[in-house]
There are 2 protein chains.
Amino acid sequence: MRLTTKGRFAVTAMLDLALNEADKPVTLAGISERQAISLSYLEQLFSRLRRQGLVTSVRGPGGGYRVAKSHNEISVSNIITAVDELIDATQCGGKEDCHDEGRCMTHDLWASLNNRILDYLSGVTLAELVENQRQNDIGNVSQINFLPRKTSVCEDVTA
Amino acid sequence: MRLTTKGRFAVTAMLDLALNEADKPVTLAGISERQAISLSYLEQLFSRLRRQGLVTSVRGPGGGYRVAKSHNEISVSNIITAVDELIDATQCGGKEDCHDEGRCMTHDLWASLNNRILDYLSGVTLAELVENQRQNDIGNVSQINFLPRKTSVCEDVTA
DNA sequence: ATAATAACCTAGTAATTTAGTCAATTATTA
DNA sequence: TAATAATTGACTAAATTACTAGGTTATTAT
């Protein structure tokens, strides 16, 4: 799991797609204009998003992209992992021959932490993002409007 | 908030520090050997960690680094934000003059999502990582051992 | 005192990733 | 048949990551 601007671009583009798809599919040219992302870069991103089954494409005039599934079946982690090549954070590359004294500590650590973050981001759906964005548009809120923290009911259960 | 290997190196190093500090401070040379991270790179990372008040240093022979606070006062997000220069994900750079039709959508979106992720990672403490690592060491567990999900008491309160 | 240790600092550099350009080809519709 | 828009591939500039090299300063042990 990486979290870079690349993944952000992808989420932004998917949100734009979700907000603008109606009867007609949405063109990358349109997303490019609205979100100020270069067309060719979008093409690269959507190539991956399509291969991962997150979007479908229609070629020719009047064509473009559609979200492949229901908006609440697509999570932020789905989008990010589709475009961000997942790298392997361990030195040993999965093998456990990294050091004299045994396997590298980082192996377990990052596998765990990765899992936690992924768990979390898979709980934030495209549907939520769309809903939140629509609310902001209607109210014409110009200041930063934090998403309601739906996980804030969590408590630290450590002793 | 970015999440790259740089931040991972930092968390790994901090965990090594926390596991190995006893009467004597821990040297970067030691961390470098155990975790296979270059000494000079560690120096750069610890320069930032020190400036952020996460570690204290002792110079000269027998010197090294110590964790500055209690282990449960340091979160993963603290460590990551200390070394990962936070970049501004919006095209407009905070100003809201980015587009004809108004401010860029990404502004609110990423401010919100950033906040959520940060919220989450600030709940994972160094103390938890240490405890988990110690358990693995004692049991000599060689397979991936996921951290107990202490935030799994969360419920989706949507609708 | 002096030598060894280890933090601290600065500058540079190779490898990788990001973000983008350019130039095509293919499928579809008007 | 022409226009549209996805699809593909190769190539490039900028940024970031990870690392090297070479010093300086503070502190301790001899």
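Chain naming here is simple, since letters A, B, ... match the order of the sequence lines and numbering starts at 1 in each.
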Novice: For the side chain of K6(A), starting at C-beta, report the closest nucleotide among dT17(D), dA19(C), dG20(C).
Specialist: dA19(C)
Novice: Using only side-chain N and O atoms of T4(A), determine if any of them is under 4.0 Å from OP1 or OP2 of dT18(C).
Specialist: yes
Novice: Quick check: do E128(B) and N132(B) have side-chain heavy atoms less than 4.5 Å from each other?
Specialist: no
Novice: For the pair made of CG in L28(A) and P in dG20(C), what is the distance, rounded to whole Å?
Specialist: 14 Å
Novice: To the nearest Å, give me how far apart CZ (R66(B)) and P (dA7(C)) are.
Specialist: 12 Å
Novice: Calculate the interatomic distance between Y65(A) atom OH and dT28(C) atom P; express it in whole Å.
Specialist: 14 Å
Novice: Can a side chain N or O of S38(A) be found less than 4.0 Å away from OP1 or OP2 on dT21(C)?
Specialist: yes
Novice: If you only use heavy atoms from C-beta on, which nucleotide in dT7(D), dG20(C), dC9(C) is closest to the side chain of Y41(A)?
Specialist: dG20(C)
Novice: dC8(C) phosphate, OP1 or OP2: any side-chain N/O from S57(B) under 4.0 angstrom?
Specialist: yes
Novice: How long is the line joining CZ of F9(B) and P of dT17(D), in whole Å?
Specialist: 12 Å
Novice: Rounded off to whole Å, could you give me the CZ-to-C1' distance for the R48(A) and dA19(C) pair?
Specialist: 13 Å
Novice: Between G62(B) and V58(A), who's closer to the 5' end of DNA chain D by nearest nucleotide?
Specialist: V58(A)
Novice: So S47(B) and R51(B), side-chain hydrogen bond (donor to acceptor under 3.5 Å, both in side chains) or not? Walk me through it.
Specialist: CA-CA 6 Å; S47(B) 171; R51(B) 266 174 267 163; 2.2 Å; yes
Novice: Take atom CG of L45(A) and atom C1' of dG20(C), then tell me their distance rounded to the nearest Å.
Specialist: 11 Å
Novice: Quick one: is dC9(C) close enough that its OP1 or OP2 comes under 4.0 Å of any side-chain N or O from R50(B)?
Specialist: yes
Novice: At under 4.0 Å between heavy atoms, what does S40(A) touch on the DNA or RNA strands: base, sugar-phosphate, or nothing?
Specialist: base
Novice: Between P61(A) and R51(B), which residue's closest nucleotide on DNA chain C lies nearer the 5′ terminus?
Specialist: R51(B)
Novice: Over all strands shown, is L39(B) touching base, sugar-phosphate only, or nothing at heavy-atom distances under 4.0 angstrom?
Specialist: nothing
Novice: For the side chain of Q133(B) and the backbone of L19(B), is there at least one donor-acceptor N/O pair under 3.5 Å apart?
Specialist: no
Novice: Decide side-chain hydrogen bond (donor to acceptor under 3.5 Å, both in side chains) for S75(A) and S77(A); before the verdict, give the C-alpha distance in whole Å, the side-chain angles of both, and the deciding distance to 0.1 Å.
Specialist: CA-CA 5 Å; S75(A) 67; S77(A) 72; 3.0 Å; yes
Novice: Answer yes or no: does a side-chain N or O of T27(A) lie under 4.0 Å from OP1 or OP2 of dT4(D)?
Specialist: no
Novice: Do the side-chain N or O atoms of R59(A) get closer than 4.0 angstrom to the phosphate oxygens (OP1, OP2) of dT25(C)?
Specialist: no
Novice: Rounded to whole Å, how long is the line connecting atom CZ of R8(B) with atom P of dT17(C)?
Specialist: 13 Å
Novice: Taking the inter-plane angle between the rings of Y65(B) and F46(B) on a 0 to 90° scale, is it parallel (under 30°), tilted (30 to 60°) or perpendicular (over 60°)?
Specialist: tilted
Novice: Is V58(A) linked to L28(A) within one hydrophobic cluster, defined over Ile, Leu, Val, Met, Phe, Trp and Tyr using a side-chain heavy-atom separation of less than 4.5 Å?
Specialist: no
Novice: Quick one: which of dA6(D), dC9(C), dA10(D) gets closest to the side chain of E43(B)?
Specialist: dC9(C)
Novice: Between P on dT21(C) and CD1 on I37(A), what's the gap in Å once rounded to a whole number?
Specialist: 12 Å
Novice: Choosing from dT21(C), dC19(D), dA6(D), which nucleotide comes nearest the side chain of Q44(B)?
Specialist: dC19(D)
Novice: Could you check whether F46(B) gets within reach of a base, just the sugar-phosphate, or nothing at all, counting any heavy atom under 4.0 Å?
Specialist: nothing
